[in-house]
Amino acid sequence: MDLNEMSLQELKRLHKDVEKAIASFEQRHLAAARAELETRARELGFSLAELTGMAGTATKPSRAAAAPKYRNPNNHEETWSGRGRQPRWLTVALTSVGAKIEDFSI
């Protein structure tokens, strides 16, 4: 196969095929390694998930909900824990009225 004689379209197709082959190769080797490790873990009386600390965790653990630290004096249902983006009512109060954040502490 002489690459110099191939058209741009043929080269792009070849490039795409090579990328797919590399990804497939990596996936096959990863699966083989995982199977080998699972077999060895079972021989020792464990699961691979137990050994890697992934047992019982299907997704990334989430943080617990934080208790509210600040309350809107005009609407007591609106609170903010201090995490994430400031709520609009607090931003407006801090910028337009000139209040301090401590004024909204619960």
Side-chain angles (χ1 to χ4, degrees):
M1 173 184 308
D2 187 6
L3 298 178
N4 292 325
E5 293 183 11
M6 296 177 78
S7 69
L8 179 60
Q9 185 178 7
E10 291 171 329
L11 288 169
K12 286 183 178 183
R13 188 176 327 117
L14 178 62
H15 182 261
K16 189 174 181 181
D17 291 344
V18 168
E19 285 181 338
K20 285 181 184 178
I22 289 171
S24 174
F25 179 86
E26 290 172 344
Q27 288 173 353
R28 285 191 317 271
H29 278 71
L30 181 62
R34 185 176 293 120
E36 185 177 327
L37 292 173
E38 286 174 351
T39 300
R40 183 66 180 134
R42 275 194 304 273
E43 290 171 359
L44 296 171
F46 299 99
S47 71
L48 184 57
E50 289 174 319
L51 294 176
T52 59
M54 299 301 290
T57 57
T59 59
K60 178 180 156 184
S62 60
R63 293 196 313 190
K69 293 182 182 179
Y70 307 100
R71 182 179 313 259
N72 183 350
N74 299 325
N75 182 353
H76 290 288
E77 292 180 9
E78 294 180 331
T79 59
W80 183 51
S81 67
R83 288 187 185 171
R85 202 170 159 178
Q86 282 185 350
R88 175 175 232 130
W89 60 264
L90 183 57
T91 304
V92 169
L94 293 175
T95 56
S96 64
V97 180
K100 296 180 181 174
I101 197 160
E102 296 83 24
D103 299 338
F104 303 95
S105 295
I106 295 177

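Along the sequence shown, the residues carry numbers beginning at 1.
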Output, in order, the C-alpha distance, side-chain angles, deciding distance and verdict of salt bridge (charged side-chain N to carboxylate O under 4.0 Å, His left out) for Glu19 and Lys16.
-> CA-CA 5 Å; Glu19 285 181 338; Lys16 189 174 181 181; over 6 Å; no
Please check if atom CZ in Arg83 has more than 12 non-hydrogen atoms from other residues, nucleotides or ligands closer than 6.0 Å.
-> yes
Charged N to carboxylate O below 4.0 Å: is that the case for Glu43 and Arg40?
-> yes
Measure across Ile101 and Leu94 and return the closest heavy-atom pair with its distance rounded to 0.1 Å.
-> N-CD2, 3.5 Å
Atom pair CG (Leu51) and CD (Glu38), whose distance is rounded to the nearest 0.5 Å = 10.5 Å
Drop me the distance from Arg34's CZ to Leu30's CG, to the nearest 0.5 angstrom.
-> 4.5 Å
If you measure from CG on Leu90 to CD on Glu78, what distance do you get to the nearest 0.5 Å?
-> 10.5 Å
CZ (Arg28) with more than 12 external heavy atoms under 6.0 Å = yes
Taking His15 for the side chain and Leu11 for the main chain, is one N or O donor matched with an acceptor at less than 3.5 Å?
-> no
Look up atom OH in Tyr70 and atom CD1 in Ile106, then write down how far apart they are to the nearest 0.5 Å.
-> 9.5 Å
Any side-chain heavy atom of Leu37 sitting closer than 4.5 Å to one from Thr52?
-> no
Heavy-atom donor-acceptor pair, Ser96 side chain to Val92 backbone, under 3.5 Å | yes
I would like to know whether Asp2 and Met6 meet side-chain contact (heavy atoms from CB on, under 4.5 Å); could you show each step before the answer?
-> CA-CA 7 Å; Asp2 187 6; Met6 296 177 78; over 6 Å; no
Non-hydrogen atoms of Lys69 and Ser81 that approach each other most closely | CD-O, 3.3 Å
Exercise: identify the closest heavy-atom pair between Glu50 and Phe46 = OE1-CA, 3.4 Å
Quick one: CD on Glu10 to CE on Met1, what's the gap to the nearest 0.5 Å?
-> 9.5 Å
Backbone N/O of Arg71 and side chain of Trp89: donor-acceptor pair under 3.5 Å | no
pair Trp80-Pro68: side-chain heavy atoms closer than 4.5 Å = no
Heavy atoms only: give me the nearest Ala41-Ser47 pair and the separation to one decimal.
-> CB-C, 4.0 Å
